[in-house]
Amino acid sequence: MKIATYNVNGISSRLPVLLRWLAKEQPDVACLQELKAPDEKFPLMDIQLAGYEAVWIGQKSWNGVALLVKGYEITNVVKGLPGDPADEQSRYLEATVNGIRICCLYLPNGNPAQGPKFDYKLAWFKRFHYRAKELLQLKLPVVLAGDFNVIPAEADAYKPERWVNDALFRPETRAAFEALKAFGYTDALRHLNPDAVIYTYWDYFRDAYNRNAGLRIDHFLLNDSALSLLQSAGVHTQVRGWEKTSDHAPVWITLQA
DNA sequence: ATGTCAAGAAAATCTTGA
C-alpha cells in the first residue's frame, strides 16, 4: 500500500500537475495540503475520474486539506484537529483506510517567530501532541502525514545557519517535533535513510530547485505498529521540476498492508 | 535583504501569505 503526502499549494492552479502525478505514481492514499480553496471549489469530478474518492475540508484563500483514496473505503472521518472549537483554520483530517489510521495535517508556518503566528503554531502543536497520544491508544497502525513546517535537524536544510531564527527551525519547534518522537512515533524517511540528504521543499526564489537549495519539512511519523509494516519511502523529487508546479514535492511510503 | 507565485480586492496594480 502506497501512501503519499503532497502540499499542492493551491489545488485549482495545480490541478494538471496533481492529476499528472496521480496517474504516474498511483498512490493508494494521497494526503493533500494547502488546497487554498473553499469546500465547493474542490475538483471532485476530476479526482473521481482519476479513480479516487475523497474527503476534504477547504477554506477560502488559505489552508485546506484532503484525503484521496483509491480502492478502499474511507471510514471514521474526523474533520479538524480536536481541542479548540474556536479554531477555524482547515488544517487537519483523520480517517481509517484499510485498517490504518491516517492523519493528514498542515501545521502552521508560524513566521515571524515571536509573535501571534508563532504562538498559534506552538498552541496547535500542543493540541496535536494530545491527539497523537490519544491515537496511540488505538490498536491500529497510525500514520501522521503532512506538511509539518518543521526542519527537524541541521541535515534537513541546505544552509541551516540561515534558518536559526525561522519558525520552521526554532528550538521550540524542533522540541515539539522531538516530543512526538518521544511519544513513540518514528520519522519514516530518516529511519530508512539515516545519512541521506532529503529535501521535500524548494523555494520559488533564486532557482532553488535547480541548485538543490531545499528543506525537508514534509514528514511521515509512524507508530510502532505502522513502523513494523514499513517497506520503503522516498520523495518524487522530479515533480518539483514540472511546469506550474508546487514548491513542495510529493513524499511517499509503502506499507505491507 | 534578496525576489516567486497565486488569489483577492477592485478595476491595474497592490497586498498578502508562504
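Closest approach to the A:Lys60 side chain among B:dC5, B:dA9, B:dA18 is made by B:dA9 (side chain taken as heavy atoms from C-beta onward). For A:Glu34, the side-chain atoms get nearest to B:dA18 when compared with the rest of B:dA18, B:dG8, B:dG17. Distances were taken from every side-chain heavy atom of A:Tyr204 (C-beta onward) to each of B:dC5, B:dG17, B:dT2; the shortest belongs to B:dC5. Picking from B:dA6, B:dG17, B:dC5 the nucleotide with the shortest atom distance to the side chain of A:Ser13 gives B:dA6. Closest approach to the A:Arg14 side chain among B:dA6, B:dT16, B:dA7 is made by B:dA6 (side chain taken as heavy atoms from C-beta onward). The side chain of A:Asn109 sits closest to B:dA18 out of B:dC5, B:dG8, B:dA18.
A:Arg162 comes within 4.0 angstrom of no nucleic acid atom, judged by non-hydrogen atoms across all strands. Residue-level contact check: A:Lys244 touches the backbone only, with heavy atoms under 4.0 Å from sugar-phosphate atoms and none from bases.
Taking atom C1' on both nucleotides, B:dA11 is separated from B:dT15 by 15 Å, rounded to a whole Å. B:dA1 and B:dT13 are spaced 28 Å apart, taking the P atom of each and rounding to whole Å.
Nucleotide B:dA7 holds its C1' atom 7 Å from the CH2 atom of A:Trp62, rounded to whole Å. In this structure, A:Asn149 places its CG atom 15 Å from P of B:dG17, rounding to the nearest Å. If you take CD1 of A:Ile11 and C1' of B:dA6, they are 15 Å apart, rounded to a whole angstrom. Atom OH of A:Tyr201 and atom C1' of B:dC5 are 10 Å apart (whole Å). Between A:Leu168 atom CG and B:dG17 atom P there is a gap of 16 Å when expressed in whole angstrom units. Between A:Tyr158 atom OH and B:dT2 atom P there is a gap of 15 Å when expressed in whole angstrom units. Look at CD on A:Gln89: it is 14 Å from C1' on B:dT16, rounded to the nearest Å. Whole-Å rounding puts the A:Asn9 CG to B:dA18 P distance at 11 Å.
Aromatic rings from A:Tyr6 and A:His248 are positioned such that their centres are separated by 6.0 Å or more. The ring of A:Tyr158 has its center no closer than 6.0 angstrom to the ring center of A:Tyr199. For A:Trp202 and A:Tyr209, the distance between ring centers is under 6.0 angstrom.
Comparing A:Ser61 and A:Tyr106 by the nucleotide of DNA chain B whose heavy atom lies nearest to each, the residue mapping closer to the 5' end is A:Ser61. DNA chain B is contacted by both A:Asp247 and A:Ser12; A:Ser12 maps to the nucleotide lying nearer its 5′ end (nearest heavy atom per residue).
A:Arg101 has its side chain within reach of A:Asn76: a pair of non-hydrogen atoms, C-beta onward, lies under 4.5 Å apart.
With A:Gln33 as the partner, the side chain to side chain donor-acceptor pair (under 3.5 Å) test is satisfied by one option alone out of A:Asp147, A:Asn9, A:Thr5, A:Asn63: A:Thr5.
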